[in-house]
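Here's the structure we're looking at; comments come further down.
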Amino acid sequence: MSVIVSIVIGYVLDMIIGTPKGLKKIKSIFIRFLKRMYKKMNGKLGVLFTLVILAAGGGIFWGIKILLNNYNMIFQIIFESIVCYFCISCKDIKENGERVHKALKRGYIKNATKLFNTLTDNGEINEPREIAENIIIMIMDASLDRVIAPVFYIIVFGGAGGVVYKLLVIINDAADRLFARILRNIADFIPARIATLFMLMSAKILKMNCKNAFKIFKRDRYKLRSLNRGLLMSVCAGALGIELSFRKSGVTIGDKKKVTTHNDIKRTFEMVNIASLLTLVVLAAIRILIVLFVI
């Protein structure tokens, strides 16, 4: 039960405080370090290095947790709550999206372009529709690896699960190697399908076009090379009634029933917010029921 308490506290802390700037700097330094290390390694050594990092991250967490639990359970819950808070970045997604949304809404296209280019690596884009489309894609990508997947792994495996998953995401960003992408796709397989279900439910709650979301999901979910990414993109495009274009792959998802605007950025985050809350509540309830009636 301590895991449920910790994830709830961590989730609430993230929604109130957001991701600290100091943590973002540490993450950037760690990614730069990993990039330098992976450049010096061949394929087999890179795989071994990755597995060692993941095992060390999970092992260190478990060691500290056991020590604190032997001393005082309250300290263990505090520690795990802080770790859960560091693993979740829901408010960060909202703040990044809101800044671009406000700039586009007020017609500050130069500011929106500047903000967009600092948030993504999709190249120079200064057309409002394209900026809105790419921010929506960014939000949907982030909803999986920054919120829903960490919540899933924390509830299933405890704080160690969140730590290992977070490290895997960072390694994938730093290494840019086939084995890292394969591990990431495997790790995201179940969370992506849980996220898709709750995104459809959140579209229904928000009175969006849930029927069209399911239609586009069935048609376009495997257009992208990723086994997981297209699921969320297709639901989002269908619910909003827009078309999402992926410049690097030349793929489009959804039907262009209307022009993508700044309002769609706000609606996308509303979907993500409700879906992440549903994920937390439903998975926590399932874990509690298993603990009470099965174990």
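Worth knowing before you read on, the calculation uses all heavy atoms, side chains too, and leaves out hydrogens, waters and symmetry mates.
In this structure, Asn72 contributes its side chain and Ile74 its backbone to a donor-acceptor pair below 3.5 Å. Using a distance-only test at 3.5 Å, with no hydrogens or angles considered, a donor-acceptor pair links the side chain of Tyr153 to the main chain of Ala187. Looking at Asn42, its side chain does come within 3.5 Å of a backbone N or O of Leu45 through a donor-acceptor pair. In this structure a side-chain-to-backbone donor-acceptor pair under 3.5 Å is present from Asp14 to Cys90. Side-chain N or O atoms of Lys223 include one that pairs as donor or acceptor with a backbone N or O of Thr252 at under 3.5 Å. Of the possible polar contacts, none joining the Asn69 side chain to the Lys65 backbone as a donor-acceptor pair under 3.5 Å is found.
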Side-chain donor/acceptor pairs under 3.5 Å, residues 161-169, sequence neighbours excluded:
from: Tyr165; atom 1: OH; to: Asp188; atom 2: OD1; distance (Å): 2.6
from: Lys166; atom 1: NZ; to: Cys87; atom 2: O; distance (Å): 3.3

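Note on Arg229 versus Asp145: no salt bridge recorded, every NZ/NE/NH1/NH2 to OD/OE distance being 4.0 Å or above. We find that Arg267 and Asp264 are not joined by a salt bridge, their nearest charged nitrogen and carboxylate oxygen being 4.0 Å or further apart. Taking the charged nitrogens against the carboxylate oxygens, Glu133 and Arg129 do have a contact shorter than 4.0 Å, which makes a salt bridge. Comment: Arg146 does not engage Asp141 in a salt bridge, judged by the lack of any side-chain N to carboxylate O separation of less than 4.0 angstrom.
Gln76 contributes atom CD, which lies 10.0 Å from atom CD1 of Ile78 (distance to the nearest 0.5 angstrom). Interatomic distance, Ile148 CD1 to Ile194 CD1, rounded to the nearest 0.5 Å: 9.0 Å. Note that NZ of Lys91 and CG of Asn96 are 12.0 Å apart. Values are rounded to the nearest 0.5 Å. Within the model, atoms CD1 of Ile7 and CG of Leu280 stand 6.0 Å from one another, a figure rounded to the nearest 0.5 Å. Note that CZ of Arg221 is 8.0 Å distant from OG of Ser234, once rounded to the nearest 0.5 Å.
When the shell of 6.0 Å around CZ of Phe179 is examined, it contains more than 12 heavy atoms from other residues, nucleotides or ligands. Shown here is Arg219, whose CZ atom has more than 12 heavy atoms of other residues, nucleotides or ligands within 6.0 Å. Atom NZ of Lys24 has more than 12 heavy atoms from other residues, nucleotides or ligands within 6.0 Å. Within a 6.0 Å sphere centred on CG of Leu23, heavy atoms belonging to other residues, nucleotides or ligands number more than 12. Atom NZ of Lys266 has 12 or fewer heavy atoms from other residues, nucleotides or ligands within 6.0 Å. Annotation for Lys204: atom NZ does not count as buried by contact number, only 12 or fewer foreign heavy atoms lying within 6.0 Å. For Lys258, the NZ atom is densely surrounded, since the number of other residues' heavy atoms within 6.0 Å is greater than 12.
Residues Leu278 and Met201 are in side-chain contact: their nearest non-hydrogen atoms beyond the backbone lie under 4.5 Å apart. Looking only at side-chain heavy atoms (C-beta outward), Leu231 and Met199 stay at 4.5 Å or farther from each other. Taking the side chain as every heavy atom from C-beta outward, Leu68 and Ile77 never approach each other to under 4.5 Å. Side-chain contact between Lys257 and Asn212 is present, with heavy atoms from C-beta onward closer than 4.5 Å. In this structure, the side chains of Phe49 and Leu34 come closer than 4.5 Å at one or more pairs of heavy atoms.
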Side chain to side chain contact (heavy atoms under 4.5 Å, CB included) between Leu244 and Thr260, worked out: CA-CA 9 Å; Leu244 296 175; Thr260 309; 5.6 Å; no
Intermediate values then yes/no, side chain to side chain contact (heavy atoms under 4.5 Å, CB included), Ile170 and Ile31: CA-CA 7 Å; Ile170 292 172; Ile31 288 175; 3.6 Å; yes
Ile9 and Cys84: CA distance, side-chain angles, deciding distance, side chain to side chain contact (heavy atoms under 4.5 Å, CB included) verdict: CA-CA 8 Å; Ile9 293 173; Cys84 292; over 6 Å; no
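Within the hydrophobic cluster formed by Ile, Leu, Val, Met, Phe, Trp and Tyr side chains joined at under 4.5 Å, directly or through other members, Ile26 stands alone, with no partner residue. Hydrophobic cluster of Ile186: the remaining members, joined at side-chain heavy-atom separations below 4.5 Å, are Leu178, Ile182, listed by chain and number.
Applying the ring-ring contact (aromatic ring centres under 6.0 Å, His included) definition to pairs two or more places apart or across chains, those involving residues 70-99 are Phe61-Phe79, Tyr71-Phe75. Sequence neighbours left out, the pairs with a member in residues 233-283 that pass ring-ring contact (aromatic ring centres under 6.0 Å, His included) are His101-His262. Pairs of residues two or more places apart, or lying in two chains, that qualify as side chain to side chain donor-acceptor pair (under 3.5 Å) and include a residue from residues 271-289 are Tyr11-Ser276.
Judged by distance alone, the side chains of Arg193 and Asn228 do bring a donor and an acceptor atom under 3.5 Å apart. Residues Tyr38 and Thr50 have side chains that bring a donor and an acceptor to within less than 3.5 angstrom of each other.
Taking both residues in full, the closest heavy atoms of Ser2 and Met73 are given as CB-CE, 3.7 Å, listed atom of the first, atom of the second, then distance. Minimum interatomic distance between Cys210 and Leu200 (heavy atoms only, all atoms of both residues): SG-O, 3.4 Å.
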